[in-house]
There are 2 protein chains.
Amino acid sequence: MKINTIRDLAATIRGRRLDLSLSQAELARTASVSREWVSEFESGKSTAEIGLVIRVIEALGLRIELTEYEDVPDSSALDLDSILQEYREK
Amino acid sequence: MKINTIRDLAATIRGRRLDLSLSQAELARTASVSREWVSEFESGKSTAEIGLVIRVIEALGLRIELTEYEDVPDSSALDLDSILQEYREK
DNA sequence: GATAGATGTGACCGTACGCTTACAACTGTA
DNA sequence: TACAGTTGTAAGCGTACGGTCACATCTATC
């Protein structure tokens with residue numbers, strides 16, 4: 001599942017939790033976070049701490065991957081230039 | 001790049017930044033975070049806010065993916081059971 | 001040697017985290 | 001109709017976030 005925004009991340013985690021038929025309380029207990037935190041995070045809380053997010057992801061049997069962003073599969077060489085261009089502008 | 005811990009995430013982001021020959025200050029400016037924050041995050045700060053982390057990842061031309069965790073490629077069906085087992089143990 | 005850039009670290013401060021407790025709304029189920 | 005479970009919020013609190021300055025260290029390049 002490709003994640004572009006915090007809402008994507010929140011929705012993916014909620015979807016996975018429901019796929020496993022888990023309550024927020026069950027997930028929270030396994031990930032050692034509060035149930036309230038799970039509720040707010042699933043609503044898209046962008047200020048959540050990355051450490052807790054990782055614990056929840058792990059508790060759901062998911063893994064994070066970081067890949068190079070590619071909109072169009074056949075222009076990988078140009079993408080890096082477009083990224084650097086953004087830095088070089090002044 | 002598979003991410004299992006915060007240190008993995010930090011190292012991957014630092015590696016990507018260096019691959020692009022960017023300074024912490026350049027990355028910070030593009031991602032709208034402080035240079036000091038980049039320094040501390042690259043050291044593995046687990047309390048960093050997910051919103052800032054996502055901004056930095058995007059600024060580096062990277063994308064997050066969430067996939068099902070699979071240790072052994074040929075036992076995908078059993079993995080889900082092992083996950084649920086952890087929840088069902090009282 | 002001197003200067004500039006990159007990086008790590010510390011102090012200070014306004015703000016908000018995450019946890020706990022509590023309550024309300026909703027859904028099934030006995 | 002009760003009862004239990006799930007979920008969303010809100011208040012209160014201890015703590016630490018992230019930004020800003022400031023300083024020290026370490027390279028390069030002049």
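We name chains A, B, ... by the order of the sequence lines, and we start the count at 1 in each one. Just the heavy atoms: all of them, side chains too, but no hydrogens, waters or symmetry mates, feed the values below.
Between the NZ atom of A:K45 and the P atom of C:dT15 there is a distance of 17 Å, given to the nearest Å. Atom pair A:E49:CD and D:dA16:P shows a separation of 10 Å (rounding to whole Å applied). Rounded to an integer number of Å, the gap from CG of B:L27 to C1' of C:dG5 is 17 Å. In this structure, CD of B:E40 is placed 8 Å from C1' of C:dT9, rounded to the nearest angstrom. Remark: P of C:dT9 and CZ of B:F41 are 16 Å apart, rounded to the nearest angstrom. Between B:L52 atom CG and C:dC17 atom P the separation is 12 Å, expressed in whole Å. Computed from coordinates, the A:I50 CD1 to C:dC17 P distance equals 16 Å when rounded to whole Å. The interatomic distance linking B:E42 (CD) with C:dA6 (P) rounds to 14 Å, in whole Å.
Neither OP1 nor OP2 of C:dG5 sits under 4.0 Å from any side-chain N or O of B:Q24. OP1 or OP2 of D:dG8 sits under 4.0 Å from a side-chain N or O of A:R14. Checking the phosphate oxygens (OP1, OP2) of C:dT7, a side-chain nitrogen or oxygen of B:R17 falls inside 4.0 Å. Between D:dA16 and B:T47, no contact under 4.0 Å exists linking OP1 or OP2 to a side-chain N or O. Between A:R55 and C:dG18 there is no side-chain N or O to OP1 or OP2 distance below 4.0 Å. An OP1 or OP2 oxygen of D:dG5 is reached within less than 4.0 angstrom by no side-chain nitrogen or oxygen of A:R35. Under 4.0 angstrom from either OP1 or OP2 of D:dG8 there lies at least one side-chain N or O belonging to A:S39.
At the heavy-atom level, B:V38 lies nowhere under 4.0 Å from the strands shown.
Across all their heavy atoms, A:A48 and A:V53 have their closest contact at CB-CG2, 4.2 Å.
Contact of the B:R55 side chain with the B:V33 side chain is registered, since non-hydrogen atoms from C-beta on lie closer than 4.5 Å.
Nearer the 5' end of DNA chain D, as judged by each residue's closest nucleotide, is the contact made by A:S43, out of B:W37 and A:S43.
Heavy atoms of other residues, nucleotides or ligands lying less than 6.0 angstrom from CD of B:E65 number more than 12.
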**OP:** Verify side-chain contact (heavy atoms from CB on, under 4.5 Å) between A:R17 and A:I13, making sure each step is shown before the conclusion.
**Re:** CA-CA 6 Å; A:R17 177 177 65 81; A:I13 285 182; 5.5 Å; no
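For the residue pair B:Q24 and B:E42, a side-chain donor N or O sits within less than 3.5 Å of a side-chain acceptor on the partner.
A donor-acceptor contact under 3.5 angstrom links the side-chain atoms of B:E36 to the base of D:dC21.
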